[in-house]
Every structure is written in structure tokens, then in C-alpha cells.
Amino acid sequence: MSSLNETHGDAERLAARRDAVRGIGFLSPATLWTMAFFVAPLVVMVSYSFFTKRGTGVDTALSLANYEHFAVREVLWGSLFNSLEITLWTTGISILLAYPFAYVLAFRVPERWRRLCLVLAILPFWTSYIVRSYAWLLVLSPTGVVNQSLLWIGLIDEPVRLAYSRIATVMGFVHFFTMLLTLTIYANLVQLNPRYRLAAADLGASGWQSFYYVLLPLSIPGIVVGAFTTFVICIGDYIMPQILGGNRELVLPQAIFFQVSRNADLPLASAMSVILMLVVAVAYLASARWLRMDRL
Amino acid sequence: MSELRPQDVGSLGRRIVGTAGTTVVIALAYLFIFLPVVVLVLFSFHDGRVPVPPFQGPTLDWYKMILGDDRLMSATGHSVGIGLASAFLSTLLGFLAAFGLARHAVPGAGFLRWFLVLPLTVSYLIIGIGLLIALSYTGLPKSLLAVMIGHVVINLPLAFAICFSQLGGHQVVYERAARDLGASEGQVLMRITVPMMWPALFASFCLCFNFSWDEFVIAFFLSNFDVTLPVEIWSMLRTGLNPMINAAGTLVFLLSLISFLAFEILIFGKRARHGRTAPEA
Amino acid sequence: MAEPHLKLERIRKLFGRQTVLAGIDLDVEAGKYVVLLGPSGSGKTTLLSIVGGFTAPTSGTVRIGGKDVTLTPPVRRPTATVFQDYALFPHMSVGSNVGFGLTIRHVPKAERDRQVERALELVGLSGFASRRVHELSGGQRQRVALARALLVEPEILLLDEPLGALDLHLRKQMQHELRRLQQSTGRMFVHVTHDQDEAMAIADFIVILNRGAIEDMGPPEKLYQRPASRFAATFMGESTLIDGRILRQEGGQVLVETPLGALPANGAGAAGTEVTVAVRPENLSIEPVSGASLPLSAARIVETGFQGNHRRVRAVSETTKPVEFLIRIDPEADISVGGAVTVSARREHLVLLAR
């Protein structure tokens, strides 16, 4: 009996090993590519963050000088707070705008129009990111459409300062992420069983109660996935703040970019990049429960 | 047909209020979404040096100017080349990895899945700087090849995720049937899996191309004298508001739009036709 | 007869140009277990949906307890539904699901917990309140859905193919439990199914639907023994069908001209009317003809099948226009394919059906 089991077990193990070897064969190109061009550069970058700039080269003696530098100079650590502030505003406003829109698309628009509405809703996605930021500059500039309209209606007497400000950055971001969040929330809402809402109504829930007790809790995974994506892209973006926000209140990516392109201080830029990655990691841990739940 | 579905209960008054609310939400949402695009496209035909209201024109001068601009045209060529190459490589590597994970019991599969999508959580800026430092560390020159490699790094997770989500259990039956009829592993992959997966592969290719076509920071750090279209447009931005940028932006939008609509029609048009021949049970 | 508790008057439903329900009239007394039985596409689920308030009828009236509820939304109807896929809220525990109706009525938590536990006990799931929905088996989910719907104390409980997702063994057990629950709560249950065995096992009153119209209705025994139509006779179990034409009326019976000769059948009808005479398989016999039996025809056996407690025999009459008989006989009987037999039946078992 036991010997029979063993031979059987051996054959099974052999088959499993052959299967695993094949799988690893398929996986290795992508894994090696990611190791070579993603992990290795990041490892080098992390070690650079403990070096210091000297002349045009680097001093490879390990030190925390860059991190200390970041902690004491307000223009640097202040940029992190600017980033966090803009990112949180963007994420919050985008969710508040995207949720009703996604809700209407999913439950109120007749089925035959739904696809068209969705395609239209994400159409501006396909303009180039840079061009879209520039287009918002056109809209918000002192002589732009918004100011001209407000002057014409008579709400204001002279142009309001919108472009090159934090408001402009948040506006541009909100535009982009409202589209993104509409997609993730919509995708979550349409895959919900329509009978959940029927059941709630049948058991006596009013429209608001059924939204509060059933729909909202069930759409949290879609919101969290979208919010996390928004957070990650928004806090790491250089283009939108640079074009729309101007150079007065820098965000972290602008400060990093500046260290690379103007000061050629790669070690300091590395240290600030590490800090940015840590912030994202914290956000990931905070939302990990929901991100994983969505995969179930 | 034989299941309960939400339908048409509710008084006429409530339905009218509901419809009005729906229309308002949709109208406001589309106004916000389309405002910058409309301004962009409209003022690309503006007959004046600064693209601000009131609109004058129309004129096609700015389009003539950009089509005659050699630097812009060569940058466009570079972008197309990098986009095609990186989209092809990302989709190929992403599909192979997804196939390996979906069809074989590999040790540490959960970790590998996490690892392969990890680059999605890292800012392009950081990936760009990392590659820049790696280049200076190894003494390799900046080049369009380096840009292409960087674009595969950012697109591979996407291609992998799309392919993995579409490699469901329903194809396994056909793969097994083909093997039973004597097909080798390679034949199964090429004759069964890839043809069944082609919508996902095509979607992945289109998306990767668009992301590469649009990417600025990595291209900025890793390119030298030959640049991509976003980098070229970026340098035009330094001149301030300029209808030429509107014209270039409109053309870029148009190109993306064509690829997107082709994709919509190919994938969803096909699905709709299938839907008509075989309605839901 | 008592005042009907559920009263449907001329219910019609069109989807586009397709008629799903073509004028349904139905009266049911309180406390009955009603089964809406029919093949897929017969409109039975649409009818249930109209009673529950999820679908508005194109025309007609729904009355519950004498009150017109045709335009009342589900929230304010004295009905509760057990959905086909149960629609248990996946983000809530079993207890929160069952207590949902009380939560939204702002019943205090202590009272709610007490009632939830009692409802769970009623369906045989005491102590399950803190479980997650995805930890439950199909049968357990079914019970949770029942408890959830019963806790809002509906006057009518609607069940949409509630046993469809369960395997045969569990289905039999749940049929029994549904019947017990209905009797202990004394509420009206309206249950949709396409399974005639299930209908006969649990119903007080069966409504057979076909193509949006009621083919027949009544207690199961009546429907089985005296079906009103050819469809009802074939949908509720098997029958031998003999087509013919009425010769003349003779008292309470008619004489029908058939390929087997003139046959008497209970019923009335004008001479010349095309009709069908139906006989249930267990009412046909191939034993030697005795006093009360009426010989029908000589026949040859073409197929036999062992069914456990009986043997199902298919035989074809040796007449110019052959008639196919379905006969249920003793499993031990000594017969074989090709054998010649004489098929007979008692007069009272010949049922007259309109064609």
C-alpha cells in the first residue's frame, strides 16, 4: 500500500516539476526584462540616494546627507506637502464628480445608448496628455474662454487669476481623473447583480436606503481601485503641475525634475524619488484590503 | 427572459423628474469633459497669433506650418516607430507570461503576478530617472532604443494584466481537445490560444501604442538629439500660447481617435453582431 | 368560498409587439400554496414579477386583500420575494441579510437580533447569524433568502424558481421544508417552477400557463385526473392521446369516433366536434379484460423500460390508423418487445379533451 503510494507520488511530482519548468519558460522573458530594466535601475537609484554629488560625478561614501537636506530645506519638503494636498483634493473631487456620472451611465441611460455614452465620456482620454494640459491653459488663461465668459455675463469686472495656480493644476487633474474614475466605478456598478437593488426595494428600502445599505458598500471596491490609481498617477505626475501650476508652488515631481535637469544632482533626486515611492507604498498598504478584494 | 429584472414601475411624475435629473447630470459631465478639447480644436483654425477668444478665421495656415516642419515630422516618425516596437514587445512578453501563469502551476505564482504589475505603481518620472542613472552608471549613451526599452517597462504590466484577465478557463477545453487530437504544445498555442485571444492581444497592442505615443518624461530623460513627438511639443510650449500647438495637438488627437475607433468597431462591433445572432438565454 | 386574497383581473403584458401575458384572471384564497407551472417562455415569471410589483402590467388589475396595488411599488406591497439566485447581499453577514428589512425600519438592534435568530431557527439555521454569505452552501443560501423574506411578514411570499439551482436530493428535501414553512406560517406562497413533479408535491393549487394564457388550474388531483386541455394533459405527466370526432351525446357521456372504433367518454359536446380522448398510463391495462374494463384495441409492444416500482411500456395498436399507447404495468410482468397484447381501460378513466 505504502510503496504503491510512493511510486504514484513520484510520478505526480515529476509531472508537477515538468509543468512548473514549462511555466517558468513562458514567464522568464517578462520577468528578466522587469528585473533588468525596472528592478536593477531602482536598486542603483536607491544606492545613489546614499551617495552625494561631487562636481560632475558622485561620492560613493554612504551618507544620509540627501535625506537630511530634504528634511531641512522647506522648498523640498514643502513640495511633498503641496503634492499631498493637490493629490487629496484631486482624488476627493474626482470621486464626487465621477460617482453620479457613472451611476447615471450604469442605471439611468437606456441600454442601447450606454456604449455610445461611455465611448464619448472617455474620448478626450485620447488627446495627448501634454496637449490636454495645454488646452486647459487655453481655457483658464486671463484672456481664455472661462474668464471671457464670466466677464461677458458680468459676474466679474476683471479677469480672475486661474492659470499658473494650484486651482488650475487641480482642475486639469480632476478633468483627467474624473474620466478614469468614471470608468472604474462604472465597471464595478454594471457587474453588480441587478437583483440586489430589487431585493432591497422588496424588503422595504427606499431609494436612499437601498443606495446607502446596498449599492454604496458594494461599489467601494471600484471607488478604492480608482482612487488608488488616481493617487499613484497624480502624486507622481510632473507634466500637469509644470504646465498649469507654474513655478511658484512646486510639487515633489517638479522638485525632483529640477534636481535632475538643472542641478544634475542625481543623488538628491534619487533620495526624493525614494521618498515618493515610500508615500505610494503607504497608500498601497492603506487600501490593500480593498485592492485585493476586487481581485476575488 | 426567465429572471426578474428591474423594469418600469413608478409614477409618470417621478419618471419625468428622473429623466430630467439624468439629462442634467449627463449634460454637465460632457460639458466639463469636452470643454478643453473643443477649445483646442476650434482655435487650431484660429486666424490670429494668440489662440484666445474672440475666434477669427477659419484658416488652415497652422496645419500647413506643422506639416512643413521637419523637426516635428521626424519626431512623429520616431514616436510611431517606438510605439509600434514597444507595443509589440510588451504584448508578446505580457502574453507569454500570462500564459505561463494561467496554464502552468508555477511555484510563487502569486508573487510573480504581483511582481509583474509592480511597475504600474511607480511614477514614470522615477522609472525615467532610474534608467537615466543606470545609463550613466554603465556608461551607455542616451538613445531612442533606451526610450523604447523604458516604454516596454511601463507597458508590460498593462499587457500582462489584460492577457491574464482574458486567459479564462473557457479556452482550456479547446486547448485540451486540440491536444487530444494530436496537436503539439506549440500548435495549441498558435492555432487555438492565440486566435481565441486575439481581441485581448489587439486591445493590449492598441493601449500600449497609445501610452508610448503619449509618454513624455522617460522620452525626455533618455533621448538625446533625436526626440519623440511629446518631447518636441514640450519644447514648442516654451513659446507660450500658440495656435501651432493647437494644430499639432488636434492632429495627435485625431490619430489616437482613429486607432481607438478602429478598435471599438473591431471588438465591440463584432460582439454586437454576435449578440444579435445569439441572444441571451 | 371565502373572499379571494389575491385577485388578478385581465392582466395583459406586452414587451414591444410580443404578447407575454394575454389576459390572466386568477382568484386565490388566503393561506394557499399556489404554484405557477409552465414551460420556459410561458409568462410565469413575468406574472410573478407583476404580483411582486417589479413589472407593471400593460393593462389589468392586481388586488391583494381587496386593495388595488397595480401601481404600488414593491417597497409598499405586502409581498416579499425569494429570488432565483437568492440575491443575498454579499457584503453582509447572514444575520444582517436576514435582518435587513428590520434595519431599514429602524428596529432597535436587540429586538432585531432576537427576531433574526428566531427566523434562522425557523429555517433550521440557528447560530448562523455571524457567518459570511460566501461560506454557505446552495441549500443554506436558499434558507437564508427564505428567512430574510419571511421576516418582513409579507402577506404573500413569492418564490421565483427557488429550487432551480439545487441538486435533486436537496430539492426534494427543500420541497418538504417549503411546504412545512408555508403551513406553520399560514401565509400565501406563490411559487414559480417548470417542474410538474415539484408542483404536484407542494401545491394546494396549481396554475398551468402556456404562451401567456392559463391552460388549466385547480388542485393537483383535479389537474391530474381531469385535465382541461391537451396541453395540460401532456405537461402534467404522460398520457395516451386518441384523436377523434364526437358522434353523439348519450346522457352525461359522448360517443367519440376514433381509429379504435367508437369510445365513450365523460363530458359534453356537439356532434362533429374534433376532440381527443386521453388516458393516464396507470389507467391502461394489458391484463385479460375483466367485467368493468373496456377493451380498446389489440396492440404490439414496441418498447419497455424498467422504472423501479413499475415498467413503462410503449405499444402500437394494430389498426389501419395506428394509435400509440403508454402503459404502466407491474415491473415483474412477463412481457417482451414484439409481444401481442390487448389494451383495456375503465370507462371512467377516459377523459375528453378539446382540441
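Atoms considered below: every heavy atom in the structure, side chains included; atoms not considered: hydrogens, waters and symmetry mates. The chains referred to below are lettered A, B, ... by the order of the sequence lines, with proteins before strands, and numbering in each begins at 1.
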*Which bit of A/Val43 is near chain B, if near means a heavy-atom gap under 4.5 Å: side chain, backbone, both or neither?*
neither
*Mind telling me whether B/Phe216 and A/Phe257 have parallel, tilted or perpendicular rings, with 30° and 60° as the class edges?*
parallel
*Do you know which of B/Val217, B/Leu101, B/Ile233, B/Val252 has the most heavy-atom pairs with chain A at a distance under 4.5 angstrom?*
B/Leu101
*Examine whether an atom of A/Leu140 lies under 4.5 Å from a heavy atom of chain B, and if so say whether it belongs to the side chain, the backbone or both; otherwise answer neither.*
neither
*To the nearest 0.5 Å, how far apart are CD1 in B/Ile129 and OG in A/Ser261?*
9.5 Å
*Tell me, for B/Glu185 versus chain A, whether the close heavy atoms (under 4.5 Å) come from the side chain, the backbone, both or neither.*
side chain
_Leading residue by heavy atom contact count with chain B [cutoff under 4.5 Å; candidates A/Ala16, A/Pro124, A/Ala20]_ = A/Pro124
*Looking at A/Gly236 and B/Ser123, what are the two nearest heavy atoms and their distance?*
O-OG, 2.8 Å
*Does A/Ser270 reach the side chain of B/Ile133, with side-chain heavy atoms less than 4.5 Å apart?*
yes
*Could you walk me through whether B/Phe95 and A/Phe26 pass the ring pair (Phe, Tyr, Trp, His ring centres under 6.0 Å) test, one step at a time?*
CA-CA 9 Å; B/Phe95 169 70; A/Phe26 282 114; 8.3 Å; no
*Stepwise, does the side-chain contact (heavy atoms from CB on, under 4.5 Å) test hold for B/Tyr30 with A/Phe101?*
CA-CA 10 Å; B/Tyr30 283 128; A/Phe101 188 39; 4.0 Å; yes
*Enter the distance from B/Leu156:CG to A/Thr34:OG1 here, rounded to the nearest 0.5 Å.*
4.5 Å
*Of all heavy-atom pairs between B/Ile126 and A/Ser273, which one has the smallest distance, and what is that distance?*
CD1-O, 3.5 Å
*For B/Ser204, enumerate each residue passing the side chain to side chain donor-acceptor pair (under 3.5 Å) test, keeping only those at least two apart in sequence or located in another chain.*
B/Thr91
*Which bit of B/Ser136 is near chain A, if near means a heavy-atom gap under 4.5 Å: side chain, backbone, both or neither?*
side chain
*List the atom of B/Thr121, the atom of A/Val232, and the distance in Å for their closest heavy-atom pair.*
O-CG1, 3.5 Å
*asked:* For B/Leu132, which atoms come within 4.5 Å of any heavy atom of chain A: side chain, backbone, both, or neither?
replied: side chain
_Among the listed options A/Ile233, A/Val280, A/Val260, the residue most often paired with chain B at heavy-atom distances under 4.5 Å_ = A/Val260
*With chain B, which of A/Tyr103, A/Trp136, A/Phe107 has the greatest number of heavy-atom pairs at distances under 4.5 Å?*
A/Trp136
*Rounded distance [0.5 Å steps], OG1 in B/Thr23 versus CZ in A/Arg108*: 11.5 Å
*What part of A/Ser141 gets closer than 4.5 Å to chain B, counting heavy atoms only: side chain, backbone, both or neither?*
side chain
*Hey, is the main chain of B/Ala105 close enough, under 3.5 Å, to the side chain of A/Asp19 for a donor-acceptor pair?*
yes
*Side-chain donor/acceptor of A/His175 to backbone N/O of B/Ile33, under 3.5 Å*: yes
*asked:* Show, in sequence, the C-alpha distance, side-chain angles and deciding distance for B/Phe32 and A/Val174, and conclude whether the side-chain contact (heavy atoms from CB on, under 4.5 Å) test is met.
replied: CA-CA 10 Å; B/Phe32 178 57; A/Val174 164; 3.9 Å; yes
*What residue, out of B/Ile245, B/Leu116, B/Thr138, B/Leu237, has the most heavy-atom pairs lying under 4.5 Å from chain A?*
B/Ile245
*B/Val38, B/Val37, B/Leu125: which one forms the most heavy-atom pairs within less than 4.5 Å of chain A?*
B/Leu125
*Is there a side-chain contact between A/Phe38 and B/Leu118, using heavy atoms and a 4.5 Å cut-off?*
yes
*With chain B, which of A/Leu42, A/Val46, A/Leu120, A/Ile24 has the greatest number of heavy-atom pairs at distances under 4.5 Å?*
A/Leu120
*Choice from A/Leu266, A/Leu105, A/Thr229, A/Ile130 maximising heavy atom contacts with chain B below 4.5 Å*: A/Ile130
*Give, as side chain, backbone, both or neither, the part of B/Phe220 having an atom under 4.5 angstrom from any heavy atom of chain A.*
side chain
_If you count every heavy atom of other residues, nucleotides or ligands that lies below 6.0 Å from B/Phe88 atom CZ, does the total exceed 12?_
no
*Quick one: what part of A/Leu123 sits under 4.5 Å from any heavy atom of chain B, side chain, backbone, both or neither?*
both
*Are any of the side-chain heavy atoms of B/Leu89 and A/Trp33 separated by less than 4.5 Å?*
yes
*Sub-4.5 Å side-chain heavy-atom contact between B/Trp234 and A/Ile239*: yes
*asked:* Just verifying a value: how many Å separate B/Ile26 CD1 and A/Trp113 CH2, rounded to the nearest 0.5 Å?
replied: 11.5 Å
*Highest number of heavy-atom pairs under 4.5 Å with chain B: which of A/Tyr238, A/Phe37, A/Tyr134?*
A/Tyr134
_Any A/Val131 side-chain heavy atom under 4.5 Å of B/Thr250 side chain_ = no
*Measuring heavy-atom distances to chain A, does B/Ile258 have an atom under 4.5 Å in its side chain, in its backbone, in both, or in neither?*
neither
*Which heavy-atom pair separates A/Ala135 from B/Leu40 by the least distance, and what is that distance?*
CB-CB, 4.0 Å
*Report the residues that fulfil side-chain contact (heavy atoms from CB on, under 4.5 Å) with A/Pro41, sequence neighbours left out, ordered by chain and then residue number.*
B/Leu131, B/Ala134
*Quick one: of B/Leu112, B/Val152, B/Leu229, B/Leu257, who has the most non-hydrogen atom pairs under 4.5 Å with chain A?*
B/Val152
*asked:* If we define contacts as heavy-atom pairs under 4.5 Å, which of B/Ala98, B/Pro107, B/Ala29, B/Gly128 has the most with chain A?
replied: B/Ala29
*Could you walk me through whether B/Trp213 and A/Ser128 pass the side-chain contact (heavy atoms from CB on, under 4.5 Å) check?*
CA-CA 8 Å; B/Trp213 169 251; A/Ser128 143; 6.0 Å; no
*Name the member of B/Gly249, B/Pro119, B/Pro230 that forms the most heavy-atom pairs with chain A at distances under 4.5 Å.*
B/Pro119
*Examine whether an atom of A/Thr31 lies under 4.5 Å from a heavy atom of chain B, and if so say whether it belongs to the side chain, the backbone or both; otherwise answer neither.*
both
*Between B/Leu189 and chain A, which part of the residue has a heavy atom less than 4.5 Å away: side chain, backbone, both or neither?*
side chain
*How far does CZ of A/Arg22 sit from CZ of B/Arg103, to the nearest 0.5 angstrom?*
14.0 Å
*Mind listing the closest non-hydrogen atom pair of A/Pro29 and B/Leu93 along with its distance?*
CB-CD2, 3.4 Å
*OH of A/Tyr164: more than 12 outside heavy atoms within 6.0 angstrom?*
no
